[in-house]
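Worth knowing before you read on, the calculation uses all heavy atoms, side chains too, and leaves out hydrogens, waters and symmetry mates. Quick note on labels: first sequence line is chain A, next is B, and so on, each numbered from 1. Here the structure is a predicted model, which means the values were calculated and not measured.
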Amino acid sequence: MKINRSASAGTLESSDIYVMVEPNEDGIELELESIVYNQFGEEIEKTVREVLSDMDIQNIKIQLKDRGAVECAIRARVETALRRAEGADD
Amino acid sequence: MRRSMLFMPGNNAGMLLNADTLGADSIIFDLEDAVSPAEKDSARILVRNAMKYLNYGNCEIIIRINSIDTNFWKADLDEIIPLRPHMIMPPKVCSHKDIEVVEDYIKKVEKKHGIDNPVSIIALIETALGVENAYEIAASSDRVKAIFLGAEDLTADLRCKRTKKGDEIFYSRGRIVTAARAAGVDAYDTPFTDVEDEEGLKKDAEFAKSLGFTGKAAISPRHVMAINEVFSPTVEEIEYSKEVMDIIRIAKEQGKGAISLRGKMIDAPIVERARQTLEAAKALGGVL
């Protein structure tokens, strides 16, 4: 999948995560801000990279603002942002 | 047994997480009215992931899809059917043809994903035409296991005001129950929309039960416990039903054609009601 444009998904509500993606020419650039960064930062990043890998993304800038989302919500919001960036749901 | 069905907005990550802890027999993940058009994609992906990764235990999962006059409903089914929800709730069902349209597409998705166990349908009836066609909707397919009255849209269609007393939906309630029972499916009552009025909710639920509804939907977790209580058999009902079944057994043993209990003749409808009560009590885990 190719990231064609900027897109976002999710919210800043409790138990959710806000995801912003944009095209990038030089690999995966990931920025994570989380209220549980010290406890779960690594796990959240691992989950995000898994979704990127599953959707065959090699180049992307992705920023995440986590408000304590569980794994399934993180997966869902990243997938939604990626699909929107691809333009599939336009 | 399904007494309470609790609506949860499909795009709310926090609410989906705790859905099964609120006491409802069924959770309705809503992809329709609770989700803005710009977030339809997000909601169906979130619900799909929640169903895939979270364990909702014994809670039945129902998905309210968007209506067939939108561009969203097919994508809803594409995302959700592979996760095998217990039921699909199509809204604004007006006739058996609407059920056919939804069912045909469900079949295609099930076939594509090799799903042998057909998903059930609970038809949401919320238009004047739907109420008038309630029986043909309820009897339109083996997949239709229940019909559900949605009074908010219905009263808009009827051009009347929705009231707490509910006189304006009395006819529709009766027609929905009669149609459902004639078709051999369950009937579910519209939610009570005043979240603060617990006494009003109880009265409304008791009235729905008295009409023959199987259960009732809720839009607030605060309403679930009262609905469960109203639609569960009481201890007195269970005790009476056991007495009925005992005396019928004794009558058969003694070769008696007619028998009375507490001064009242026990006939076939009373026996059938007793059987239903005991069946419901058993389904709720009661020791009989």
Q: Under the salt bridge (Lys or Arg N to Asp or Glu O under 4.0 Å) rule, what do A/R84 and B/D41 come out as? Steps first, then yes or no, please.
A: CA-CA 9 Å; A/R84 288 174 174 178; B/D41 59 335; 2.7 Å; yes
**Q.** Check: A/E71 and B/N49 side chains under 4.5 Å, non-hydrogen atoms
**A.**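 Side chain of B/N49 against side chain of A/E71, heavy atoms only: no contact under 4.5 Å found.
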(Q) I'd like to check A/R75 versus B/I45 (side-chain heavy atoms, cut-off strictly below 4.5 Å). Are they in contact? (A)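 SC-SC contact between A/R75 and B/I45 ruled out.
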Where is the tightest heavy-atom contact between [X] and [Y], given as atom of each residue plus distance?
X	Y	value
A/C72	B/A50	SG-CA, 3.9 Å
A/S15	B/A13	O-CB, 3.3 Å
B/S42	A/R77	OG-NH1, 2.7 Å

Q: Below 4.5 Å from any heavy atom of chain B, which atoms of A/A69 appear? Answer side chain, backbone, both or neither.
A: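 Neither part, no heavy atoms under 4.5 Å.
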(Q) As an exercise, state the distance from CG of B/L17 to CG of A/D16, rounded to the nearest 0.5 Å. (A)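 It comes to 11.0 Å.
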Q) When rounded to the nearest 0.5 angstrom, what distance separates OH in B/Y53 from OG1 in A/T47? A)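 One finds 9.0 Å between OH of B/Y53 and OG1 of A/T47.
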What do you reckon, is [atom1] of [X] surrounded by more than 12 foreign heavy atoms closer than 6.0 Å?
X	atom1	value
B/M225	CE	no
B/E100	CD	yes
B/F72	CZ	yes
A/E50	CD	yes
B/D104	CG	yes

Q. Using 4.0 Å as the upper bound for N to carboxylate O, is an ion pair formed by B/R48 and A/E79?
A.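 Yes.
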Q: Check whether B/L46 gets within reach of chain A through its side chain, its backbone, both or neither, counting any heavy atom under 4.5 Å.
A: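 Its backbone and side chain both get close to chain A.
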